Amino acid sequence: MNKKTVRILMISTSFILLIISLYNIISIVVGYEQGNKIYDDAKSEFFLEENSELITQEQSTAEEKETSPVIENESNEKVEEDNKFDYQALYDYNNDAQGWIYLGNGYIDYPIVQSKDNDYYLRKTIDKKYNINGTPFVDYRCVGGLNSKHAILYGHNMKNNSMFGSLKNYYNNHDYVTEYPYFTVWVGEEKYYYYVFSIYKTKVNDTFTYQATFNSDEDYKTYIDECIERSEIKCQFEKADITSEDYILTLSTCAAGSKSNRLVLHCIRKKSIS
């Protein structure tokens with residue numbers, strides 16, 4: 001094989017690899033956009049303004065919009081605080097639905113599901129169709145779903161900060177937990193506020209962190225106390241603030257450095273903002 005032939009083969013191989021790389025990048029970007037649209041549509045479909053049937057279009061003046069309570073996220077979109085979550089409609093659409101999770105800056109704003117395993121929704125959106133974003137899902141071992149004493153919720157750490165990508169802000173910016181101390185979570189039709197009490201990195205095979213059940217209230221309280229001790233970021237809760245009667249939610253996503261790294265946030269359920 002002469003030098004010219006070798007050079008042509010190398011150029012051809014490089015060109016093919018470039019095309020494959022471009023295709024993969026485009027596929028990922030398209031997947032992001034498709035996933036974002038699906039969840040944007042879901043927000044419109046399953047969140048209704050309170051008493052919206054009593055408000056005509058003529059009554060929705062600019063003055064009323066200025067005085068209505070809103071949360072602004074970094075993309076300048078506005079989420080009405082008094083919107084009502086229509087859990088029944090979501091459940092009718094997908095009977096794996098458990099509820100909805102929202103973070104005050106709007107980066108996390110997604111339905112929550114639970115399947116018979118921890119694989120099904122890794123790459124499926126709420127419509128059960130393939131998409132790289134997946135859907136935040138409760139560990140199948142949590143027999144009460146989001147109403148388990150310890151509910152474990154997984155979501156992808158996406159490069160565009162969608163899904164659970166913004167959770168890394170809690171680890172990288174120590175003031176973030178002060179600015180956004182809680183997640184709003186609808187458990188079925190019930191609305192709760194989950195306050196972060198522990199933040200740390202661990203491994204995917206950490207059997208301690210991912211315990212779904214406990215033999216006794218004492219074991220459960222020991223688990224909570226250990227989670228507080230493991231926290232790498234100072235949170236507002238001490239051991240005495242959380243008892244074995246409390247419900248907790250663990251948020252888990254991938255962390256940088258290794259495929260086995262995980263970022264974990266433990267949160268305590270509250271009925272009202274404290």
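Reckoned from all heavy atoms, side chains included, excluding hydrogens, waters and symmetry mates. For clarity, every value in this text was computed on a predicted model and none was experimentally measured.
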Task: Thr125 and Tyr130: side chain donor to acceptor below 3.5 Å - done: no

- [ ] Can you measure from CG (Asp225) to CZ (Arg230) and round to the nearest 0.5 angstrom?
- [x] 13.0 Å

Task: Whether Asp206 side chain and Lys203 backbone form a donor-acceptor pair below 3.5 Å - done: no

Task: Selection residues 117-130 - residue pairs positive for salt bridge (Lys or Arg N to Asp or Glu O under 4.0 Å), sequence neighbours left out - done: Asp96-Lys128

Open item on the list: Strictly distance-based, threshold 3.5 Å: is any side-chain N or O of Gln211 a donor or acceptor partner for the main-chain N or O of Phe208?
Closed with: yes

Open item on the list: Measuring centre to centre across the rings, with the benzene-like ring taken for any Trp, is His150 within less than 6.0 Å of Tyr247?
Closed with: no

Task: Backbone N/O of Leu122 and side chain of His156: donor-acceptor pair under 3.5 Å - done: yes

Task: Lys221 with Asp217: basic N within carboxylate O range, under 4.0 Å - done: no

Open item on the list: Against Leu251, only a single residue in Val264, Ile199, Ile101 fulfils side chain to side chain contact (heavy atoms under 4.5 Å, CB included); can you say which?
Closed with: Ile101

- [ ] Examine distances only and state if a side-chain atom of Tyr220 and a backbone atom of Lys149 form a donor-acceptor pair shorter than 3.5 Å.
- [x] yes

Open item on the list: Can a donor-acceptor pair be found, under 3.5 Å and without considering hydrogens, that links the side chain of Gln114 to the backbone of Asp139?
Closed with: yes

Task: Closest heavy-atom pair and its distance - Gln98, Val138 - done: CG-CG2, 4.4 Å

- [ ] Please round to the nearest 0.5 Å and tell me the distance separating atom CD1 of Ile242 and atom CD1 of Ile268.
- [x] 4.5 Å

Task: Approximate separation, where rounding is to 0.5 Å, of Asn133 CG and Ser162 OG - done: 4.5 Å

Open item on the list: As an exercise, state the distance from CG of Leu263 to CG of Asn261, rounded to the nearest 0.5 Å.
Closed with: 10.0 Å

- [ ] Assess the side chains of Asn147 and Arg269: does a donor N or O sit below 3.5 Å from an acceptor N or O?
- [x] yes

Open item on the list: Please check this pair: side chain of Glu232 against backbone of Lys201, looking for a donor-acceptor N/O pair closer than 3.5 Å.
Closed with: yes

Task: Ring-ring centroid check Tyr120 Phe137, cutoff 6.0 Å - done: no

Open item on the list: Could you check whether Tyr39 and Tyr107 have their ring centres less than 6.0 Å apart?
Closed with: no

- [ ] Please determine, by modelled atom types, if Asn173 and Lys168 share a side-chain donor-acceptor pair under 3.5 angstrom.
- [x] no

Open item on the list: Between Tyr102 and Phe183 (judged by ring centroids, cut-off 6.0 Å), do the two rings come close enough to count as a pair?
Closed with: no

Open item on the list: Parallel, tilted or perpendicular, judged at 30° and 60°: which one describes the rings of Phe46 and Tyr93?
Closed with: tilted

Open item on the list: Looking only at the aromatic ring of each residue, does the gap between the centers of Tyr195 and Tyr182 stay below 6.0 angstrom?
Closed with: yes

Open item on the list: Quick check for you: to the nearest 0.5 Å, what is the distance between Leu265 atom CG and Phe164 atom CZ?
Closed with: 9.5 Å

TODO: Specify whether Tyr200 and His266 have parallel, tilted or perpendicular ring planes, treating 30° as the upper limit for parallel and 60° as the lower limit for perpendicular.
DONE: tilted

Task: N/O donor-acceptor pair under 3.5 Å between Thr135 side chain and Ile126 backbone - done: yes

